[in-house]
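Lettering of chains follows the sequences in order, A, B, ..., and the numbering in each one begins at 1. Because the structure is a prediction, the values reported are computed rather than measured.
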2 protein chains.
Amino acid sequence: MDTQADRATTAHRSARDERRVVRPPIDLGEQRYRVERQIGYLLRRAHQRASAIFQEQIGDPNITPTQFSSLVKLHEDGEVSQNQLGRLVGMDKATTQGVMRRLKTRNLVSARADPGDARRTLLRLTAEGDRLVQRLIIAGPRVTTETLKPLNPDEQRQLVNLLARIA
Amino acid sequence: MDTQADRATTAHRSARDERRVVRPPIDLGEQRYRVERQIGYLLRRAHQRASAIFQEQIGDPNITPTQFSSLVKLHEDGEVSQNQLGRLVGMDKATTQGVMRRLKTRNLVSARADPGDARRTLLRLTAEGDRLVQRLIIAGPRVTTETLKPLNPDEQRQLVNLLARIA
DNA sequence: GCCTGATTGTTCGCTTACGAACAATATCGC
DNA sequence: GCGATATTGTTCGTAAGCGAACAATCAGGC
């Protein structure tokens, strides 16, 4: 068989040619595999777009989506241990360590040893961190609105509910 | 006002306490802001889970989702320039450079200068890369199946369609 | 008490992701 | 032909994300 990807498909194209010689997608029995319809691919793309919208709407170029989630959770819960916060926000413990290190450097979060468990570090917002959350959270709903703009309200609710079930 | 997050909420807890003193979410007029219902947060979590399922189903621990998408696209299109591939797969040009560098190092992709445009680098699969795609693509549908398992077929179609519209 | 196993947090290495700056090249208007 | 503008690909810096290894500490069983 000749599954080699080198038929004479690349005859001659003009320099800024964006058309490409498209071969049919790989045939897998009855269903064809198209990357653009795979859930993982779509989630990656949608997440990229959502992050971009977050950055442009939130106003502060130094705050990332993950940092924002962490700060909001700390605001709600007051004081939690580092791993606990990671679980609440969906971060690996190595990731959590990095995110918290950066927030502590910027004086948005403070840490102290847990008096009841020497392994743990308790985290909380500083006064500055608290002020920042209060200020940024106003933009939160705008991020969601803008990200979901292509859908009508009914579809927006559907999407959120379906996503919550596979997350 | 006392918006400071330091009421006596942290009285005394047992050491391995996972219950936390939950404050009500921040009130923003009529709607409350809950991180767990924000589209960006859900997309991040769902994407994490999908990536984990990809890694466990694809069989090859050295192939990432992004690399897989790139390889499949190269298989379909034969030969494309680097930036072109990036656009097809949804990668920044800096990201594309990194991904391609690693695939070239592993001898899965080869590159040559575009004879018609000295700025461009044309990429294609090597024979080894082609064989790898043929082998891995079998697992592709399994990844999707597993990721969408919590939903029934109707909901699965809905989710894919909605995601495609906000991606 | 002591030993085993679990949890906590750190560190290392690697990948994706992206903004910004940059040099080389191509294109378009005139 | 020439100059302004755009595209291509590289490099640098920074962040999220995660597996793996590690030391310190805790909890449970006996």
Take the protein atom CG of B/Asp92 and the nucleotide atom P of D/dA16, then report the distance between them rounded to whole Å. 17 Å

Grab the CD-C1' distance between B/Gln48 and D/dA15 for me, whole Å please. 14 Å

Any carboxylate oxygen within less than 4.0 angstrom of a Lys/Arg side-chain nitrogen, looking at A/Arg45 and A/Glu36? no

Quick check on C/dT8: is either OP1 or OP2 less than 4.0 Å from any side-chain nitrogen or oxygen of A/Arg87? yes

B/Leu123 CG to D/dG9 C1', in whole Å, measures 11 Å

Tell me what B/Thr66 touches on the nucleic acid: a base, only sugar-phosphate, or nothing, going by heavy atoms under 4.0 Å. sugar-phosphate

Nucleotide N/O to protein N/O under 3.5 Å, stretch nucleotides 10-13 of chain D:
from	atom 1	to	atom 2	distance (Å)
D/dT10	OP2	B/Gln82	OE1	3.4
D/dT10	OP2	B/Gln82	NE2	2.6

Indicate, yes or no, whether a donor-acceptor pair under 3.5 Å links the base of C/dT7 to the side chain of A/Arg119. yes

What's the CG-C1' distance between B/Asn62 and D/dC18, to the nearest Å? 15 Å

Whole-Å distance separating the CZ atom of B/Arg102 from the C1' atom of C/dG13: 12 Å

Going by an N to O cut-off under 4.0 Å, is there a salt bridge joining A/Arg106 and A/Glu128? no

Rounded to the nearest angstrom, tell me the gap between atom CZ in A/Arg120 and atom P in D/dA23. 22 Å

In whole Å, I'd like the distance from the CZ atom of B/Arg49 to the P atom of D/dG17. 17 Å

Looking at B/Gln67, I'd like to know whether one of its side-chain N or O atoms comes within less than 4.0 Å of OP1 or OP2 on C/dT16. yes

So what does A/Arg44 touch, heavy atoms closer than 4.0 Å: a base, only the sugar-phosphate, or nothing? sugar-phosphate

Taking the inter-plane angle between the rings of B/Tyr33 and A/Phe68 on a 0 to 90° scale, is it parallel (under 30°), tilted (30 to 60°) or perpendicular (over 60°)? perpendicular

Which comes earlier along DNA chain C counting from the 5' end, the contact point of B/Thr95 or that of B/Ala118, where each point is its nearest nucleotide? B/Thr95

Nearest 0.5 angstrom please: B/Arg37 CZ to A/Leu163 CG, how far? 10.0 Å

In Å and rounded to the nearest 0.5 Å, what is the CD to NZ distance from B/Gln84 to B/Lys73? 11.5 Å

Can you list everything that forms a ring pair (Phe, Tyr, Trp, His ring centres under 6.0 Å) with A/Tyr41? Sequence neighbours excluded, please. none

Whole-Å distance, B/Asp117 CG to D/dT7 P, equals 12 Å

By side chain to side chain contact (heavy atoms under 4.5 Å, CB included), which residues pair with A/Glu146, not counting sequence neighbours? A/Ile53, A/Gln57, A/Lys149

At under 4.0 Å between heavy atoms, what does A/Thr64 touch on the DNA or RNA strands: base, sugar-phosphate, or nothing? sugar-phosphate

